Amino acid sequence: MRVTIVGGGTVGLCTAVFLARQGVSVHVLERRGEVNDHPRAFGLTDRSAEILREAGFELNTAEFARGLMSGPSLAALTTVTTKFERPEIGPAKLGSCPQDLVDRAAVTLLRDLGSQVDFDSEVVAVTPDAEVTTADGRVITGDYVIGADGIRSKVRELLGIGVTGPGAISKSHMLNVLFRADLPVPPLSMTFLRNERASGILYRVDEHGRWIFHIPNGDPKTPAEQIRQQIRDATGVPDIEPEIISQLPWSSTAHVADVFRQGRYFLVGDAAHAVPPVGGFGLNMGIADGHNLAWKMAAGGDALLDTYEAERRPVALFSMRQSVIRSENHNLHWNNDPALAAERAAVGMAGIMIPVVGYRYDSAAVIDPEPLTDMENLVLDGAPGSRLPHIWLPDGRSTVDLVNGFTLLTGTAAGHWLDAASKLGITAHAVEGWAAAASIKEDGAVLIRPDGFVGWRTVTTRAAASSEQQLREARDRILCRPVPSDIAQGV
C-alpha cells in the first residue's frame, strides 16, 4: 500500500510515522522548504504524549504547571488560578514540547524507516484516483491521499469539501512573535501582561531562552525594534535585547470539514477541523486523527476506513464547541475546581479531560458502544468505545504499555480466553486488578483495538460458543469484515 500525505507539519509528519511503523509506504509532500521553526503550539496532552511514546518518539517533554497568571509586568504577577489537577491516565505525562522539535524527530524517524519526505513540493491538482500533481510538474500516485495541509487546506479546496461552524469568532487578530531573550520564568504556563505601555500574552517555549509573545492586533510589518520595545514594556524588563526570530499573524477560527473522507482522500488535523486555541485541543486532536486512521489503513478494508469519519468527526465537532465555550468563559476554563462543576454544566462546558481522552467512539468498529453519561469527570472503565483503563503493573509498566496490535486483557480466571487469543495470534495478558478496572468478572475479557480503544468487552464467560469463535468474530466485526454469526453478548 502507498499513501501520499500532503502537508509536512506536525500532524502530517506524525501520521506518516504511524503508518510507516506498520509497514505502509509513505510519501510526504510539504510546500515549505524545511521544517517550520516557529512553533504555534507546544503543549502535548497526556494522550498525545502516550501516542508519540508508543510510536518511538524520544522527546524531552518538560513538565510544566498549567495555569494562568496576569499582571502589569513579570515582577508583579498575581495567580488567577492554580494548575489543573488532572487524573493519571497512563505512564506518559503532559509536557511542554515545541512543535518544531516534534517535527524534526518525526522527519528523523521517517527517514530511518525508509519513508520519503519532500520539501518544496506544493500540490496544485488532484484526481479521484489518488493522483496528485505538484507545482513543478511531478505526478505522485498511490492508493490513498491524506490531506494534512492546514486550516487553508489545498486538498480540501480541490476536493470541494465545505466546512461547518461559526468561522471567525473574533474581529481582532493576534501577532505571534517568536523571540529569544533571558527573562524571569513565570511559575505557570500562560501570562497575561497589561500596563499603560503594552499588553500581550507570554509563553515560555523551552529551556533555551525561546519565548512566544502574542500581540493583540499586531502588525507583521511593524519594525523589529518597535516589537522589541513592546516586549520590554510588557514584561517590565527594560534592559533585555530580544532577538526576534519570526512572526506569524493568526485569528481564532472554528469550523469542521463537512466530510473527513471522500473516496481515496482523507483529512486530518487543521485540514479537517479548526478550533480556537483555548483548551489546546487543535494539535492534540490532529495527532489523534492520524493515530486513528493509520491502523485502519494498515489493516485494510473500505468499511473499516469509513469508521475514521464516523469516529473522529463527532470528536471534532464536540471539541470545536468546547473550545468556543471556553473562549467565552475563560474563568471557568482556567479554574478546574470541582465546586464549579454546576457552573460549567450551565454553559455546556465539559470537564477538561473529556475532550482530551474521555470521549467515546460509536461506529461499526466498536461492538455495543456505551455512550458517555458523565460530562464532568473522566471515566475510563472499560466501556466499549472508550480508551482502555490504566492500572500499574508489578513490573512498573501500565496496562497501556501492553497494547500491541489487537490485545486481549482478561481477569485472573480466564485461561480459556488466553488460549483462544494464542490460537488467533492475538496478544493477551491476564492482569491482577483488571477485572475491577474494566468492570468485568475475573473470567471476562476486553479486546483492545490497536489504537488503545476498547472494541469489545465480555463481562463474564458464556458457553453459547467457543471462546475462540467469540474472539474471532469480535475481531472480525471490529475490522468490519463479514462474520458467519453474531457474537454472543457479554453479561
Side-chain angles (χ1 to χ4, degrees), residues 42-67 81-97 102 187-189 279-281 283-285 287-288 291-292 315 319 322 333-341 344 349-361 370 372-404 407 409 411 429 431-440 446 448-454 457:
F42 40 88
L44 297 178
T45 63
D46 294 359
R47 173 60 179 160
S48 292
E50 170 182 298
I51 291 171
L52 297 183
R53 176 175 177 263
E54 169 203 313
F57 284 76
E58 294 182 2
L59 300 170
N60 294 320
T61 56
E63 284 285 331
F64 65 92
R66 290 197 65 191
T81 184
T82 57
K83 67 179 181 179
F84 287 121
E85 295 296 331
R86 63 188 190 276
E88 183 178 67
I89 69 163
K93 304 300 180 187
L94 175 148
S96 177
C97 187
V102 178
L188 297 181
S189 59
F281 303 141
L283 171 64
N284 293 288
M285 188 162 43
I287 291 172
H291 193 245
N292 180 286
V315 171
S319 297
Q322 287 299 305
H333 165 69
W334 285 105
N335 194 334
N336 203 35
D337 188 342
L340 299 177
R344 283 190 287 272
M349 185 184 297
I352 186 62
M353 294 302 290
I354 306 302
V356 171
V357 71
Y359 53 83
R360 296 186 178 182
Y361 292 146
E370 297 183 13
L372 185 64
T373 57
D374 188 340
M375 296 301 292
E376 172 66 19
N377 303 295
L378 178 63
V379 179
L380 300 176
D381 61 356
S386 67
R387 197 286 227 138
L388 84 157
H390 149 71
I391 59 174
W392 290 111
L393 305 174
D395 62 4
R397 292 183 299 164
S398 161
T399 44
V400 173
D401 295 321
L402 300 179
V403 179
N404 179 22
T407 303
L409 300 182
H429 303 271
V431 177
E432 184 76 36
W434 177 250
S439 308
I440 61 175
V446 178
I448 312 298
R449 306 187 323 183
D451 61 352
F453 277 72
V454 176
R457 175 173 66 179

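Here the structure is a predicted model, which means the values were calculated and not measured.
- Side chain of T399 to main chain of P389: a donor-acceptor pair is present (N/O by atom type, distance under 3.5 Å, no hydrogens or angles).
- Of all the heavy atoms in G382 and V454, the pair that sits closest is O-CG1, 3.5 Å.
- The minimum heavy-atom distance linking F281 with S319 is given by the pair CD1-O, 3.9 Å.
- The two atoms that bring D451 and R47 nearest to each other are O-NH2, 2.9 Å, heavy atoms only.
- Within the model, atoms CD of Q322 and NE2 of H333 stand 11.0 Å from one another, a figure rounded to the nearest 0.5 Å.
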Run the side-chain contact (heavy atoms from CB on, under 4.5 Å) test on I448 and L402 for me, step by step, so that the C-alpha distance in whole Å, both residues' side-chain angles and the decisive distance to 0.1 Å come before the verdict. CA-CA 10 Å; I448 312 298; L402 300 179; over 6 Å; no

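- Smallest separation of non-hydrogen atoms from M353 and P87: CG-CD, 3.7 Å.
- In this structure, E54 and P450 approach most closely via the heavy-atom pair OE2-O, 4.4 Å.
- Here the straight-line distance linking atom CH2 of W334 with atom CD1 of I352 works out to 9.0 Å at 0.5 Å rounding.
- Judged by distance alone, the side chain of S439 and the main-chain N or O of D381 form a donor-acceptor pair under 3.5 Å.
- L378 contributes atom CG, which lies 8.5 Å from atom CZ of R387 (distance to the nearest 0.5 angstrom).
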Any chance you could lay out the side-chain contact (heavy atoms from CB on, under 4.5 Å) test for L388 and V446, step after step, and finish with the verdict? CA-CA 9 Å; L388 84 157; V446 178; over 6 Å; no

I would like to know whether N292 and R449 meet side-chain contact (heavy atoms from CB on, under 4.5 Å); could you show each step before the answer? CA-CA 10 Å; N292 180 286; R449 306 187 323 183; 3.9 Å; yes

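- Taking every heavy atom of both residues into account, A437 and I391 meet most closely at CB-CG2, 3.7 Å.
- Partner of V379 under the side chain to side chain contact (heavy atoms under 4.5 Å, CB included) criterion, out of I354, T373, D374: D374 alone.
- At a threshold of 4.5 Å between non-hydrogen side-chain atoms, the residues T45 and V357 do not count as touching.
- We find that R53 and E50 are not joined by a salt bridge, their nearest charged nitrogen and carboxylate oxygen being 4.0 Å or further apart.
- Atom-to-atom distance recorded for I440:CD1 and R457:CZ is 8.0 Å, nearest 0.5 angstrom.
- In this structure, CD in E370 is found 6.5 Å from CZ in R360, a value given to the nearest 0.5 Å.
- The aromatic rings of Y361 and Y359 lie tilted to each other, with the angle between the two planes from 30° to 60°.
- Here CG of D401 is found 11.5 Å from OG1 of T407. Values are rounded to the nearest 0.5 Å.
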Between N284 and L44, does a side-chain contact (heavy atoms from CB on, under 4.5 Å) hold up when you go through it step by step? CA-CA 7 Å; N284 293 288; L44 297 178; 4.2 Å; yes

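- Between the side chain of D46 and the backbone N or O of I89 there is no donor-acceptor pair closer than 3.5 Å.
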